[in-house]
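Take a look at the structure set out below.
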Amino acid sequence: MKKKIAVLPGDGIGPEIIAQAVAVLDAVAEKYGHQFTYEYARIGACAIDSCGDPYPQETHEKCMNCDAILFGSIGDPKYDNDPSAKVRPEQGLLRMRKNLGLYANIRPVKPYDTLLDASPLKNDRVAGSDFIVVRELTGGIYFGEPRGRDESGDKAFDSCVYSKEEIERVSHIAFQYALRRRKKVTLVDKANVLATSRLWRETVKHIHQSCYPQVSLDFMFVDNAAMKMVSNPKDFDVILTENMFGDILSDISGVINGSIGLLPSASFGRDRSLFEPIHGSYPQAAGKDIANPIATILSAAMMLEDAFGLLQEAQAVKDACAKAIADGICTEDIVPGSRYGTVATGQYIIDMIKA
Ligand code: IPM
Ligand code: MN
């Protein structure tokens, strides 16, 4: 199979973890007789530094001209600590999601049995958890208008806006995942307070009744869901939720898994699919060879499976990651004091794939 992949390393640890994921894709290509070519492009702070735009047109065109997109991370403390910055790295990520129509973000969570002690939660709570967060990715308070400051500058506002159509399309994706899993969708919202959440409930109920009666649907307020995710994560199968709640809840899932450095994601929508780790750019670790590459390598596995239909290859990558974790060949986030860094962990995974 021949595929062209847009590779967007981004900022912070992005380039290091992406290098390992690309090396893994090369190993897969070699072993299984595929041809993957890569188009590198800039996004985030590094793009602002070089051309003033966090998502240059050239990057968008490269994404559109490829079969799938592999993305690292963006963000830089020099912008985090400067609220007056007019252009911010995150705008690049948000514009990319919006311009590529990536409205559904899938974040799977399934702790490794060999890693239960890495979670600060009790083993018996965590063992056997297996759920996915389906996060709406191009609407809600991240994008709603109006937003900004009033004339005095002393008041700021963000708008949370959702249309029925935006809710419907991501809901179908959630129900379709549920059909292939334990057939349970939990809609997480704040319908006791927010008008948008009430539209979500109404719309999701309707889709459920008319298209997916064989799936069970329940509703949970987001504050309660945050508590249930750490006290009873096993109760969840598919969590369907809006953009901001999905962002927050999916970081909690890093606690269940033992490290946010293990969690991949896939984004689907109108034009192309994009694969990225759920963690950020971790600038404190940049250049130190300590960042866990597994979340990005597993994102590449999701690309093989979901974008290219290469199930066996994806499984080989997932098995190799599980082996590295079981053998304790991993970065210090899950193996305290580890002598294996980003590169050595990636190399071990590659060796397992080639073996
Ligand atoms: C994520 C990240 C982004 C988000 C940031 C970097 C804008 O936290 O993908 O979860 O909030 O969506
Ligand atoms: Mn996040």
Side-chain angles (χ1 to χ4, degrees), residues 94 97-110 129-145 159-226 228-229 232-250 252-253 265-275 278 302 305-307 309:
L94 300 185
R97 288 172 177 170
K98 193 74 168 178
N99 291 356
L100 295 170
L102 297 167
Y103 56 80
N105 180 227
I106 317 300
R107 300 186 160 185
V109 183
K110 191 176 177 184
S129 308
D130 179 1
F131 63 89
I132 64 169
V133 178
V134 178
R135 170 187 177 193
E136 201 288 329
L137 203 59
T138 54
I141 202 160
Y142 273 62
F143 293 94
E145 295 289 345
S159 307
C160 186
V161 182
Y162 268 111
S163 69
K164 211 168 138 185
E165 196 227 330
E166 286 174 311
I167 299 168
E168 280 169 354
R169 60 190 184 183
V170 69
S171 302
H172 281 293
I173 292 196
F175 281 113
Q176 280 155 17
Y177 267 94
L179 284 176
R180 288 180 262 137
R181 299 174 46 96
R182 300 195 310 279
K183 300 192 175 51
K184 180 178 171 190
V185 170
T186 304
L187 173 65
V188 171
D189 63 23
K190 191 76 185 172
N192 48 348
V193 177
L194 302 176
T196 42
S197 286
R198 291 192 281 273
L199 182 64
W200 270 85
R201 276 203 190 196
E202 189 184 299
T203 310
V204 172
K205 254 187 204 165
H206 185 250
I207 289 181
H208 172 238
Q209 281 159 6
S210 48
C211 308
Y212 307 97
Q214 65 277 54
V215 174
S216 84
L217 170 68
D218 61 4
F219 305 96
M220 205 178 272
F221 296 139
V222 62
D223 45 353
N224 186 226
K228 288 275 165 57
M229 266 181 87
N232 286 84
K234 273 178 267 193
D235 287 354
F236 295 106
D237 180 21
V238 175
I239 295 175
L240 167 62
T241 192
E242 61 104 72
N243 202 345
M244 175 78 121
F245 298 157
D247 179 46
I248 299 167
L249 292 179
S250 59
I252 301 182
S253 48
S265 88
S267 302
F268 305 112
R270 197 186 55 224
D271 296 318
R272 293 284 172 276
S273 308
L274 178 141
F275 302 84
I278 82 157
M302 288 184 89
E305 183 166 340
D306 297 326

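What you are looking at is a predicted structure, and each value in this text was computed from that prediction instead of being measured. We use all heavy atoms of the structure for the numbers below, so side chains are in, but hydrogens, waters and symmetry mates are not.
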Taking everything shown except K234 itself, do over 12 heavy atoms lie less than 6.0 Å from its NZ?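 Counting neighbours around NZ of K234, more than 12 heavy atoms of other residues, nucleotides or ligands fall under 6.0 Å, so yes.
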
Within 6.0 Å of NE2 in H206, more than 12 heavy atoms from elsewhere: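 Atom NE2 in H206 is not crowded, with 12 or fewer foreign heavy atoms closer than 6.0 Å.
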
May I ask you to say whether K183 pairs ionically with D237, meaning some side-chain N is under 4.0 Å from a carboxylate O?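 Answer for the salt bridge query: no.
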
Would you call D235-K184 a salt bridge at under 4.0 Å N-O?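 Salt bridge: no.
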
Let me know which of N243, I141, T203 forms a side chain to side chain contact (heavy atoms under 4.5 Å, CB included) with Y162. N243

Side-chain donor/acceptor of S197 to backbone N/O of K190, under 3.5 Å: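 At least one qualifying donor-acceptor pair exists.
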
With under 30° as parallel and over 60° as perpendicular, where do the rings of F175 and Y212 fit, or are they tilted in between? parallel

Should E242 and C160 count as side-chain neighbours, where that means a heavy-atom distance under 4.5 Å?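 Yes, at least one pair of side-chain atoms sits under 4.5 Å.
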
NZ or CZ of K205 within 45° of F219 ring axis and under 6.0 Å: yes

Nearest-0.5 Å distance that lies between atom [atom1] in [X] and atom [atom2] in [Y]:
X	Y	atom1	atom2	answer
Y142	E136	OH	CD	11.0 Å
M220	L187	CE	CG	10.5 Å
N105	R97	CG	CZ	6.0 Å

